[in-house]
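Scroll down for the structure; my scribbles are underneath it.
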Protein chains: 2
Amino acid sequence: MTRISATDRRSALVRSALVVVAARGVAQATTRAIVAEAGMSLASFHYAFNSRDELIAELVGYVVDREATAILLEEVDADLDHGTHDDHWERPILAQVLRSGMIRYLEHVRADPMHEKAMLELTQYALRDPGLEHLARAQYRRYHALAAEALATAASRSGTVWRLPVADVSRLLVALTDGLTLTWLVDRDDLAAMQLIDFSANSLAALAEPA
Amino acid sequence: MTRISATDRRSALVRSALVVVAARGVAQATTRAIVAEAGMSLASFHYAFNSRDELIAELVGYVVDREATAILLEEVDADLDHGTHDDHWERPILAQVLRSGMIRYLEHVRADPMHEKAMLELTQYALRDPGLEHLARAQYRRYHALAAEALATAASRSGTVWRLPVADVSRLLVALTDGLTLTWLVDRDDLAAMQLIDFSANSLAALAEPA
DNA sequence: GTCTATAAAGTGATAGAC
DNA sequence: GTCTATCACTTTATAGAC
């Protein structure tokens with residue numbers, strides 16, 4: 001009926017695909033399920049995309065951006081909150097900074113668990129497809145870069161410096177975050193998650209020293 | 001041709017299913033692919049199982065047992081190796097015991113990465129199926145119990161005691177192991193994996209004190 | 001019990017009218 | 001551009017011969 005540009009239709013389909021993947025998994029994200037979610041006809045799908053594989057590839061690329069910006073925006077918000085009151089002489093303890101950062105991440109996962117599950121599945125899916133494998137690696141490079149930035153900020157804010165390259169520490173943080181996500185998704189144990197966060201924050205903080 | 005008991009056929013199909021899942025993923029583990037791997041006809045499948053879902057359910061239950069016993073056997077082997085020479089007065093450092101245990105686990109993953117990937121996918125799959133969800137949880141309870149046993153052994157061998165309940169420490173170890181597995185499967189970075197192992201071993205060891 | 005053949009339902013993709 | 005209708009194929013599952 002109404003004319004929609006091909007690019008608009010593509011992004012609409014990608015967003016709908018993410019909804020379907022989150023709700024039912026990658027295997028159940030059929031072209032029919034996706035167009036139903038988007039309120040389009042099946043033919044419109046193939047007008048916008050050459051194949052389902054093409055959409056899945058774009059979806060993987062899309063979620064990498066989305067995840068990165070989502071976490072980044074939360075960081076910025078937290079920074080702004082922090083900046084509203086005068087803390088000129090107050091130096092937060094590094095472990096506390098890391099702890100609150102990881103709690104923010106956990107809240108992010110708790111707010112939309114199925115989305116996080118979709119991220120995991122899409123990574124695993126990409127890892128199986130030779131043509132999509134590089135996207136999975138790109139996703140993790142993004143995570144590492146994001147973690148490195150957060151760790152650098154945390155250190156400078158708490159007046160400390162990392163005793164080993166921040167890139168190395170960031171890999172630890174990403175692995176800890178993965179473990180946190182995976183175990184929480186399985187048993188939804190908030191208490192255990194908080195214990196893991198405390199442990200992670202304290203253990204990582206031990207890798208820094210006063211500036 | 002040759003008559004095979006239904007139970008034998010079931011277990012043969014389950015083993016073949018695991019091979020297919022490891023090689024091509026859960027979604028591609030079709031009944032046809034599984035019977036081809038097992039060298040059976042399609043009809044034999046439905047003679048042994050009522051449905052594909054029934055096989056997948058049994059597969060999930062099967063891998064839980066298999067993974068547990070596999071890691072446990074490695075532990076026993078390691079214990080035997082350790083017992084061959086006289087170490088009556090030698091007390092290994094806890095961090096070293098944990099480190100070598102995690103290295104053994106990493107070797108286990110490196111020896112058959114696709115099997116480990118299959119385990120991950122089956123857990124995620126079970127988590128989506130309301131009827132299979134409990135199996136995913138059971139799998140992790142098993143992991144936790146296994147980790148708790150290993151941690152208790154490690155502490156007593158090194159003459160230390162855990163400063164918090166071993167069940168809590170075991171959850172940390174499982175999460176660390178998950179993070180190790182996930183990140184290694186993505187980038188296959190052995191050096192980063194070793195750094196994570198060192199970090200984990202040292203950080204966990206800090207949670208114990210001399211007996 | 002084990003097979004071949006086929007049914008029944010779902011899938012990705014396309015043709016062709018408008 | 002967008003639709004309905006349909007093709008070609010794959011999937012799970014079953015029927016029926018042996």
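Numbered from 1 within each chain, the chains take letters A, B, ... in sequence-line order.
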If the cut-off is 4.0 Å, is A:R9 near the phosphate of D:dT2, judged by side-chain N/O to OP1 or OP2?
yes
Contacts of B:R24 meeting salt bridge (charged side-chain N to carboxylate O under 4.0 Å, His left out) (sequence neighbours excluded), chain-then-number -> none
Holding to salt bridge (charged side-chain N to carboxylate O under 4.0 Å, His left out), I want the full list of residues that pass it with A:R128, two or more places apart in sequence or in another chain.
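B:E121.
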With rounding to the nearest 0.5 angstrom, report the [atom1] to [atom2] distance, [X] to [Y].
{"X": "A:M114", "Y": "A:E116", "atom1": "CE", "atom2": "CD", "value": "10.5 Å"}
{"X": "A:L196", "Y": "A:L191", "atom1": "CG", "atom2": "CG", "value": "11.5 Å"}
{"X": "B:Y140", "Y": "A:L185", "atom1": "OH", "atom2": "CG", "value": "9.0 Å"}

Tell me the closest heavy-atom pair linking B:E54 and B:F49, and the distance in Å.
OE2-CD2, 3.6 Å
Near DNA chain C, counting only heavy atoms under 4.0 Å, which residues of residues 12-31 of chain A show up?
A:T30, A:T31
If I take atom [atom1] in residue [X] and atom [atom2] in nucleotide [N], what distance separates them, rounded to the nearest angstrom?
{"X": "A:D8", "N": "D:dT2", "atom1": "CG", "atom2": "C1'", "result": "15 Å"}
{"X": "B:I56", "N": "D:dT11", "atom1": "CD1", "atom2": "C1'", "result": "14 Å"}
{"X": "A:I34", "N": "C:dT11", "atom1": "CD1", "atom2": "P", "result": "11 Å"}

Would you state whether a donor and an acceptor, one from the side chain of A:R32 and one from the base of C:dG10, lie under 3.5 Å apart?
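Answer no: no donor N or O sits under 3.5 Å from an acceptor.
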Got a sec, which residues hit side-chain contact (heavy atoms from CB on, under 4.5 Å) with B:A57, two or more places apart in sequence or on another chain?
B:L132
A:V63: what forms a side-chain contact (heavy atoms from CB on, under 4.5 Å) with it, not counting sequence neighbours?
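Per chain and number, A:V63 pairs via side-chain contact (heavy atoms from CB on, under 4.5 Å) with A:L18, A:L59, A:M119, A:L122.
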Sorted by number, residues from residues 39-47 of chain A placing a heavy atom under 4.0 Å from DNA chain D are A:S41, A:A43, A:S44, A:Y47
